[in-house]
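Data first, discussion second: the structure below is written as structure tokens.
Every chain is numbered from 1 and lettered A, B, ... according to where its sequence line falls, protein lines coming before strand lines.
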Amino acid sequence: MAQTAFEDVIEDFEFLEDWEDRYRMVIEMGKALDPMPEALKVPATKVEGCASQVWLHTSVDAGRFHFQGDSDAMIVKGLIALLHRLYDGLPIADVAGVDARAELGRLGLHEHLSAQRSNGLRAMIERIRLDAAG
Amino acid sequence: MYDVETIRKDFPILSREVNGKPLVYLDNGASAQKPQIVIDAVTRGYAEEYANVHRGLHYLSNLATDKYEGVRDVIARFLGAKDSEEIVYTTGTTMGINLVAYGWAMEQLSAGDEIILSVMEHHANIVPWHFLRERMGVKLVWVDVDSTGHLDPQKVLDAITPRTKLIAVTQVSNVLGTVVDVKTICAGAQAQGVPVLVDGSQAAVHMPVNVEEIGCDFYAITGHKLYGPSASGAIWIRRARMDEMRPFMGGGDMIREVHKDEITWNDPPMKFEAGTPGIVQQIGLGVALEYMMGVGMENIAAHEAKLRDYTRSKLDGLNWLQVQGTTANKAAIFSFTLDGAGHAHDISTILDKKGVAVRAGQHCVGPLMDHLGLNATCRASFGMYNTEAEVDTLVEALELAHELLG
């Protein structure tokens with residue numbers, strides 16, 4: 001079981017049969033993501049390896065992992081929102097134990113998980129794991 | 001009568017599905033699909049007729065050499081070249097232009113000399129010249145296009161100074177579809193003694209080409225865009241320019257004699273073709289060009305002009321979509337962005353779910369993207385086998401993308 005916020009999405013997805021509705025929901029989740037302050041969009045937070053622009057700013061507060069993210073591509077921003085539900089608020093020690101690929105696979109978003117895709121999901125997950133490892 | 005359905009049957013991949021939908025392949029600007037006869041030629045080349053070329057005296061080596069060398073005549077015919085010895089085999093336009101940069105320009109240019117480029121060149125016609133800028137202090141002079149994507153030939157000629165040693169320009173923009181009046185540029189440049197390199201990577205796919213009529217000095221083509229195998233291609237080099245060139249790559253095939261302290265070159269064009277080449281690829285290219293000439297380049301151009309007009313009228317009806325490149329006689333290449341929301345990658349991801357393959361990104365044209373003030377676009381680029389029904393599918397998929405992303 002992942003965090004509740006993510007399990008809620010899994011539940012919602014079960015009612016959505018066609019890909020258009022799933023994409024619609026991913027995009028809506030991206031739009032609903034808390035805006036990332038422009039001041040945090042600096043070279044250090046930019047995630048390389050993404051065809052679109054992606055920024056991730058991570059932090060630790062009271063032993064829990066937090067991050068803010070943004071992208072200029074809406075589907076990618078939706079994927080960031082999914083990662084947010086998966087990771088944000090986790091005890092720092094638990095971050096490394098999350099199998100993000102498997103969790104996102106449960107959503108049927110397989111096409112975003114292969115190594116060839118240029119949306120940079122793998123690069124984002126790697127950045128989160130690296131930052132959490134300190 | 002151009003029967004596109006008959007032509008489609010020649011391309012086996014066009015009958016497959018992607019994501020559960022019939023494939024609508026609109027990424028021809030990146031690479032074209034292959035007709036069965038090209039696939040068969042490649043298979044036969046390896047299955048029955050393979051050996052290295054120019055080396056052996058045995059039966060298969062002679063057979064492979066004859067087939068491989070015979071393609072030079074086909075390319076010469078395809079390009080309207082008088083002499084097949086002016087055809088140098090390459091792996092595509094990138095290699096062709098690098099050959100000119102290293103083999104010709106490095107010999108002929110010195111610090112402070114100028115190369116004129118249009119702002120809509122592909123990186124293949126930019127980066128080799130940047131090498132010369134970095135290494136030799138050659139100056140790159142850029143000519144802008146107007147808001148429709150038109151390149152005024154007079155503006156190119158006005159950029160000529162006493163230090164101009166080369167004009168390097170595309171005949172068709174891979175992003176805007178703009179058809180450049182290279183003939184006027186060449187006439188004006190020749191009058192001032194300035195050689196012209198034409199990047200024909202896109203143009204040769206869509207229209208009849210005659211290098212003698214154009215009057216250029218170099219004309220580069222790309223096999224994989226011409227319905228031929230990847231890593232096949234050629235560059236036509238006017239004999240007078242070829243005589244000024246030194247070899248670029250060294251190795252087998254391009255030499256006559258090699259001793260410890262002395263070396264002599266093979267005759268052109270082999271002087272510029274080092275190492276074992278893409279034998280079967282080049283044989284496949286010959287078959288692809290024969291196929292295109294069999295259909296008729298004028299007929300292909302007419303079919304694609306109809307597709308262009310149809311696409312333009314359909315896309316003009318989408319008031320939330322912006323097409324880049326609006327010249328009347330452009331090639332059937334449409335780059336676009338969606339107003340307000342939707343990154344090019346979002347759009348292409350949704351189109352892909354509908355079976356529609358387009359390119360999304362910067363299309364290897366950094367300076368043009370800067371000029372347009374854009375980060376990325378989607379590009380639908382058409383080929384000889386595309387149909388109006390596929391344009392309709394594209395438009396439906398775009399409407400869905402607009403709805404999802406809006």
Output side-chain donor-acceptor pairs under 3.5 Å for residues 57-64 of chain A, partner residues at least two apart or in another chain, one line each.
from  : atom 1 : to     : atom 2 : distance (Å)
A/T58 : OG1    : A/D131 : OD2    : 2.7
A/R64 : NH1    : A/G89  : O      : 2.8

Around atom CZ of A/F15, are there more than 12 heavy atoms from other residues, nucleotides or ligands closer than 6.0 Å? no
Could you tell me which non-hydrogen atom of B/N375 sits nearest to which non-hydrogen atom of A/Q53, and how far apart they are? ND2-NE2, 3.2 Å
Does atom CD of A/E17 have more than 12 heavy-atom neighbours, drawn from other residues, nucleotides or ligands, at distances under 6.0 Å? no
Which residues in residues 380-403 of chain B have any heavy atom closer than 4.5 Å to a heavy atom of chain A? B/L400, B/E403
What heavy-atom pair brings A/V76 and B/D346 nearest, and what distance separates the two atoms? N-OD1, 4.1 Å
Please tabulate, one pair per line, all N/O donor-acceptor pairs under 3.5 Å involving side-chain atoms of residues 33-43 of chain A, not counting sequence neighbours.
from  : atom 1 : to    : atom 2 : distance (Å)
A/E38 : OE2    : A/K41 : NZ     : 2.9
A/K41 : NZ     : A/D70 : OD2    : 2.7

Does any pair with a residue in residues 355-364 of chain B pass side-chain hydrogen bond (donor to acceptor under 3.5 Å, both in side chains), and if so which ones, sequence neighbours excluded? B/H363-B/T377
Under a 4.5 Å heavy-atom cut-off, does chain B meet the side chain of A/E28, its backbone, both or neither? neither
Euclidean distance, B/K353 NZ relative to A/R22 CZ, rounded to 0.5 Å: 9.0 Å
To the closest 0.5 Å, what do you measure between OG1 (B/T349) and OH (A/Y23)? 6.0 Å
Do B/L404 and A/I75 have side-chain heavy atoms sitting under 4.5 Å apart? no
Gap separating the NE2 atom of B/H345 from the CE atom of A/M74, nearest 0.5 angstrom: 15.0 Å
